[in-house]
Amino acid sequence: MFFSSKKWDPRGRHCFVTGGSSGAGLALAVLLVKRGAHVSIVARNEERLQAALVELEKHRQSSEQIIKSYSFAVNSEAGSTAALQAASEPHGGRCPDAFFLCAGTSRPSFWIEQNEALMRSDLDASYGAQAFTALVASKEMVKQGVKGKLVFVSSVLGYFSIVGYSTYSPGKFALRGLAESLQSEFLLYGIDVHIAFPGTIYSPGYEAENKVKPKVTLKIEETDSGSTPEYVAECILKGVQKGRFHITVDFIGNVFRASTAGSSPRNSYITDLFYALVGYVALPIWRNSVDSTVRAHRQEHQEYLKQKGIIG
Amino acid sequence: MFFSSKKWDPRGRHCFVTGGSSGAGLALAVLLVKRGAHVSIVARNEERLQAALAELEKHRQSGEQIIKSYSFAINSEAGSTAALQAASEPHGGRCPDAFFLCAGTSRPSFWIEQNEALMRSDLDASYGAQAFTALVASKEMVKQGVKGKLVFVSSVLGYFSIVGYSTYSPGKFALRGLAESLQSEFLLYDIDVHIAFPGTIYSPGYEAENKVKPKVTLKIEETDSGSTPEYVAECILKGVQKGRFHITVDFIGNVFRASTAGSSPRNSYITDLFYALVGYVALPIWRNSVDSTVRAHRQEHQEYLKQKGIIG
């Protein structure tokens with residue numbers, strides 16, 4: 001399905017980046033501008049978009065590049081449609097060639113403190129933030145006969161989950177379910193699907209999520225190392241250029257990718273065998289230690305529940 | 001985490017079964033009644049519930065069994081709360097010991113014919129149908145100190161996906177994401193989590209979904225064999241009794257389970273190694289043939305799109 005000999009080149013292509021005003025989305029937009037692409041960044045906050053646009057302009061390679069920012073909430077079909085129409089306008093109505101769907105936020109929490117509204121809004125923040133844009137982009141690409149690319153950004157928490165992510169992992173797993181289905185369905189149209197599974201990204205989003213993260217989750221993640229948004233962006237673009245379906249950014253991502261692949265097209269069957277065997281041995285050991293950390297937290301958690309009035 | 005020596009016995013336990021008036025849910029309810037459990041079945045349609053209740057009564061083992069039906073839409077926190085309260089009432093307010101969340105429907109379709117409303121309602125029908133009941137059940141079990149069981153019913157389409165399931169697989173993958181997170185988090189409460197991944201079930205739901213399923217999807221599934229609701233119910237109960245986290249019902253389910261496990265606790269590391277190696281070799285071959293079937297459908301699909309006015 002993917003041309004292994006011919007790398008996809010962003011030069012001269014119109015790239016539409018949601019979540020493009022901060023974190024990995026902004027880093028990706030900067031990278032694409034550096035590579036000569038036309039770039040449209042989309043986000044909600046007008047101030048952050050303006051600051052991002054200034055940053056993008058610093059990396060302009062040629063005056064022909066169309067570099068724009070658009071303020072829209074893309075977690076709805078209407079918002080995504082409006083954003084797409086606005087972005088296509090300077091291009092004579094032609095829709096973008098590649099959609100980098102980096103929008104999404106994480107709000108870790110304890111499951112039993114949730115309610116329907118929070119569950120729905122967290123699902124919107126992890127799944128809805130990308131799925132409706134994907135719908136709108138797909139329809140337009142098919143209508144216009146553009147053999148473009150759809151790039152989802154899930155998370156390693158779309159490969160596995162632990163305490164604290166009960167309203168986040170469903171959305172990140174759901175993105176994978178969508179990507180798996182579309183990867184098959186888009187063989188009807190010649191549209192490529194990619195999905196990235198980064199781990200911790202040292203971004204404003206990460207700072208925000210750590211403010212509310214349960215202590216036991218922070219404890220489990222103590223020894224985690226993360227990546228900079230720039231590094232994640234490099235990995236994502238490289239993966240897209242090489243035609244990779246699942247894109248991971250570090251060793252642990254590779255291990256999870258290989259260990260959960262099932263029937264998802266693999267990038268390399270030899271390399272994956274190595275990572276899968278590593279995973280087969282190492283992941284249960286890691287999992288046991290995670291489980292021990294959770295069990296050790298029981299007493300403290302019971303006190304937390306009493307203090308919150310959840311139990312007597 | 002699971003006691004391998006001691007099988008969980010439904011006798012005398014209160015089992016709450018959503019989607020309990022038809023298909024696998026009803027079969028599970030019948031099985032639990034046969035094993036001496038108290039059973040509450042929950043669904044929306046009052047007529048079907050009455051017919052189901054009559055069926056359950058035929059299998060009553062003792063006069064002490066409390067066998068009831070409740071008509072509620074449980075794809076909301078409010079509906080699930082009301083259902084749970086009603087079902088707990090004959091038990092002096094004590095919440096059920098085990099929640100078998102069998103509710104859910106499938107509506108296969110082509111992605112580019114969807115819109116936000118359909119995407120949301122399909123996500124509700126696959127994820128929401130179980131997630132809100134899980135929330136309500138969890139909160140009540142923790143509050144009452146009941147060390148119970150939560151049993152989700154996903155699908156093999158929560159392990160992989162193909163053309164036609166772009167609004168169904170996200171929900172089934174999301175259920176897995178939720179189960180993975182809760183399996184970790186519930187070590188804080190000693191509540192067990194199980195999640196089943198059946199393939200095709202020869203049920204009323206299956207007939208309904210085939211009426212709308214895209215031709216190319218039907219073609220891919222041509223050679224599939226399915227299971228009866230009774231067989232699926234037997235597998236689910238056996239899996240719960242044996243303390244299995246992921247529960248599969250056939251060979252292909254086992255292969256997918258083993259090939260996508262990642263860090264999910266495995267039931268048997270030896271058996272899984274066998275299934276994973278089978279999958280490593282066989283799944284890419286199967287996938288290639290699925291992809292070929294989709295590609296071969298391009299021409300017909302273009303005509304379909306023209307006829308529907310989606311392309312010119």
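Numbered from 1 within each chain, the chains take letters A, B, ... in sequence-line order.
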Taking the six-membered ring for Trp and the single ring otherwise, decide whether the centroids of [X] and [Y] are under 6.0 Å apart.
| X | Y | answer |
| --- | --- | --- |
| A:Phe256 | A:Phe160 | yes |
| A:His246 | A:Phe197 | yes |
| B:Tyr275 | B:Phe251 | yes |

Heavy-atom proximity to chain B below 4.5 Å, by part of A:Tyr127: side chain

Can you tell me which portion of A:Leu178 sits under 4.5 Å from chain B's heavy atoms? Options are side chain, backbone, both or neither. both

Contacting region of [X] [heavy-atom separation from chain A under 4.5 Å]:
| X | value |
| --- | --- |
| B:Ala78 | backbone |
| B:Ala134 | both |
| B:Ser166 | both |
| B:Asn75 | backbone |
| B:Leu305 | side chain |
| B:Ser76 | both |

Could you walk me through whether B:Arg107 and B:Tyr165 pass the side-chain contact (heavy atoms from CB on, under 4.5 Å) test, one step at a time? CA-CA 8 Å; B:Arg107 187 191 63 89; B:Tyr165 293 109; over 6 Å; no

Before accepting this row, confirm whether a basic side-chain N of the pair A:Lys139/A:Glu77 lies closer than 4.0 Å to the acidic partner's carboxylate O. yes

If you count heavy-atom pairs within less than 4.5 Å of chain A, which of B:Thr167, B:Leu123, B:Val136, B:Leu182 leads? B:Leu182

Can you tell me which of B:Val142, B:Leu283, B:Leu188 forms the most heavy-atom pairs within a distance under 4.5 Å of chain A? B:Leu188

